[in-house]
K.L.:
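Take a look at the following structure, please.
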Amino acid sequence: ISVNRAPTYMIANVPSLLMSADAFIEPWHESDIRNKIALVISEEAPMSLSMLTKRVVQSYGIARAGSRIQNHINAILSKMKLQTTVQEDVVFYWDNNQNPDEYVGFRVNGDGENKRDIRDVPVQEVANAAYVVLYEQISMGQDDLLREIANKLGYTRLGNNVIAALTLGIKYAQKQ
């Protein structure tokens with residue numbers, strides 16, 4: 001995989017239906033919420049719980065998920081029996097046709113609403129970017145490797161969060 005062929009992270013196009021937070025948690029909206037969750041996962045997985053929640057609640061015109069809304073989403077998600085992985089207390093949701101242990105892709109950070117915080121990138125994507133860097137470069141020091149992986153994933157600054165996430169991905173790659 002060369003970086004020209006790695007796709008850019010793109011958010012799902014979710015139909016909007018405006019409603020209040022109180023209406024959102026009413027039981028008769030559950031099937032619509034489930035459908036939106038399934039749509040977002042099918043287009044964006046693997047993705048973190050926070051991004052999934054944000055995408056779904058924003059499609060209802062709700063600015064942010066307070067604890068009531070988050071608990072409601074969590075309850076719906078637990079009934080859906082979706083495939084998840086956990087890294088550093090962050091839950092990631094996978095589409096049913098994706099196998100986290102055999103996942104080979106990675107996506108480049110997009111612009112604007114297609115941007116992902118590095119904490120929303122699963123270790124599998126970081127590991128796959130690391131494989132590509134090492135395949136292209138064969139060998140390099142740790143600092144150069146971190147910079148090149150960040151570059152492949154579309155992150156220009158190596159802040160503490162980025163370094164921590166990349167290091168986690170490298171460790172994951174070493175274990176695999």
Side-chain angles (χ1 to χ4, degrees), residues 1 3 5-129 152-155 159 161-162 164-166 168-169 172:
I1 301 174
V3 84
R5 286 193 309 194
T8 300
Y9 184 80
M10 300 296 279
I11 67 166
N13 183 4
V14 187
S16 60
L17 171 68
L18 303 181
M19 69 174 62
S20 69
D22 290 332
F24 181 85
I25 60 175
E26 292 294 340
W28 53 83
H29 291 298
E30 187 172 319
S31 75
D32 188 59
I33 295 169
R34 287 173 78 114
N35 291 339
K36 285 189 178 183
I37 288 170
L39 170 74
V40 171
I41 287 176
S42 75
E43 292 187 27
E44 289 187 53
M47 69 184 310
S48 66
L49 170 61
S50 64
M51 286 189 74
L52 176 58
T53 300
K54 177 180 165 189
R55 202 77 70 234
V56 171
V57 300
Q58 283 179 346
S59 76
Y60 290 99
I62 299 169
R64 57 172 210 84
S67 59
R68 267 184 344 150
I69 287 182
Q70 187 64 63
N71 291 340
H72 186 61
I73 292 235
N74 291 349
I76 293 171
L77 285 167
S78 68
K79 290 182 205 168
M80 291 178 74
K81 309 248 184 298
L82 297 163
Q83 185 173 209
T84 61
T85 56
V86 179
Q87 70 194 48
E88 304 279 281
D89 299 331
V90 177
V91 178
F92 284 86
Y93 284 84
W94 296 76
D95 196 27
N96 287 334
N97 64 12
Q98 294 172 319
N99 178 343
D101 297 328
E102 295 172 6
Y103 187 70
V104 293
F106 69 89
R107 294 160 297 173
V108 179
N109 206 20
D111 298 320
E113 59 185 7
N114 296 314
K115 249 187 184 13
R116 286 189 294 180
D117 184 285
I118 190 70
R119 289 174 294 227
D120 293 315
V121 179
V123 287
Q124 291 84 347
E125 285 193 46
V126 175
N128 294 335
K152 285 268 184 246
L153 292 168
Y155 294 91
N161 288 343
V162 173
L166 299 182
L168 207 63
Y172 176 83

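Because the structure is predicted, anything quoted here is derived from the model rather than measured.
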K.L.:
Taking all non-hydrogen atoms of both residues into account, name the closest pair between Ile118 and Ala165 and its distance.
P.N.:
CG1-CB, 3.3 Å

K.L.:
With a 3.5 Å distance limit and no angle check, can you tell me whether Gln83 reaches the backbone of Gln98 through a side-chain donor-acceptor pair?
P.N.:
yes

K.L.:
Checking side-chain polar atoms at under 3.5 Å, does Glu44 have a donor or acceptor matched by the opposite partner on Tyr93?
P.N.:
no

K.L.:
Check step by step if side chain to side chain contact (heavy atoms under 4.5 Å, CB included) holds for Leu82 and Ile37.
P.N.:
CA-CA 10 Å; Leu82 297 163; Ile37 288 170; 4.2 Å; yes

K.L.:
Measure the CD1-CG distance between Ile25 and Asn71 for me, rounded to the nearest 0.5 Å.
P.N.:
9.5 Å

K.L.:
Are Phe24 and Leu17 close enough, and set up right, to give a side chain to side chain contact (heavy atoms under 4.5 Å, CB included), and what steps lead you there?
P.N.:
CA-CA 10 Å; Phe24 181 85; Leu17 171 68; over 6 Å; no

K.L.:
Output the distance between atom NE2 (His72) and atom OG1 (Thr53), rounded to the nearest 0.5 Å.
P.N.:
11.5 Å

K.L.:
Tell me if a side-chain donor or acceptor on Ser78 pairs with a main-chain N or O of Ala75 at a distance below 3.5 Å.
P.N.:
yes

K.L.:
Which heavy atom of Ile62 sits nearest to which heavy atom of Ala21, and what is that distance?
P.N.:
CD1-CA, 3.9 Å

K.L.:
Quick check for you: to the nearest 0.5 Å, what is the distance between Asn35 atom CG and His29 atom NE2?
P.N.:
13.5 Å

K.L.:
What are the two closest heavy atoms between Gly169 and Val126, and how far apart are they?
P.N.:
CA-CG1, 3.6 Å

K.L.:
Would you say Asn13 has more than 12 foreign heavy atoms packed within less than 6.0 Å of its CG?
P.N.:
no

K.L.:
Test Glu43 against every option in Leu39, Val40, Ile41 by the side chain to side chain contact (heavy atoms under 4.5 Å, CB included) rule and name the one that passes.
P.N.:
Leu39

K.L.:
Go through the steps for Tyr60 and Ile33 under the test side chain to side chain contact (heavy atoms under 4.5 Å, CB included), then give the verdict.
P.N.:
CA-CA 9 Å; Tyr60 290 99; Ile33 295 169; 3.5 Å; yes

K.L.:
Please report the shortest heavy-atom distance between Ser59 and Val14, naming the atom on each side.
P.N.:
CB-CG1, 3.6 Å

K.L.:
What's the spacing between Tyr155 OH and Asn109 CG if we round to 0.5 Å?
P.N.:
3.5 Å

K.L.:
Which residues satisfy the ring-ring contact (aromatic ring centres under 6.0 Å, His included) test with Tyr172, sequence neighbours excluded?
P.N.:
none

K.L.:
Counting only heavy atoms not in Arg68, do more than 12 sit closer than 6.0 Å to its CZ atom?
P.N.:
yes

K.L.:
Any side-chain heavy atom of Glu26 within less than 4.5 Å of one from Met19?
P.N.:
no

K.L.:
Taking atom CG of Asp111 and atom OG1 of Thr8, what is their separation to the nearest 0.5 Å?
P.N.:
8.0 Å

K.L.:
Check step by step if side chain to side chain contact (heavy atoms under 4.5 Å, CB included) holds for Asn74 and Leu49.
P.N.:
CA-CA 9 Å; Asn74 291 349; Leu49 170 61; 3.8 Å; yes

K.L.:
For Ala65 and Gln70, work out which heavy atoms get closest and say how close.
P.N.:
CB-OE1, 4.3 Å

K.L.:
Between the side chain of Asn114 and the main-chain N/O of Ile11, is any donor-acceptor distance below 3.5 Å?
P.N.:
yes

K.L.:
Flag the pair Leu77 / Val91 as yes when at least one side-chain heavy-atom distance between them is below 4.5 Å, and no otherwise.
P.N.:
no

K.L.:
Taking CZ in Arg119 as the centre, count heavy atoms belonging to other residues, nucleotides or ligands within less than 6.0 Å. Is the count above 12?
P.N.:
no

K.L.:
How many angstroms lie between atom CZ of Phe92 and atom CG of Asp120, to the nearest 0.5 angstrom?
P.N.:
6.0 Å

K.L.:
Taking 4.0 angstrom as the limit, do Glu125 and Arg116 come out as a salt bridge?
P.N.:
yes

K.L.:
Minimum heavy-atom separation for Pro46 and Pro122, please, with both atom names.
P.N.:
CG-CG, 3.6 Å

K.L.:
We want to know whether Asn128 and Gln124 form a side-chain donor-acceptor pair, criterion being a heavy-atom distance below 3.5 angstrom.
P.N.:
no

K.L.:
Between Lys36 and Arg55, is there a donor-acceptor pair closer than 3.5 Å when you use the side chain of the first and the backbone of the second?
P.N.:
no

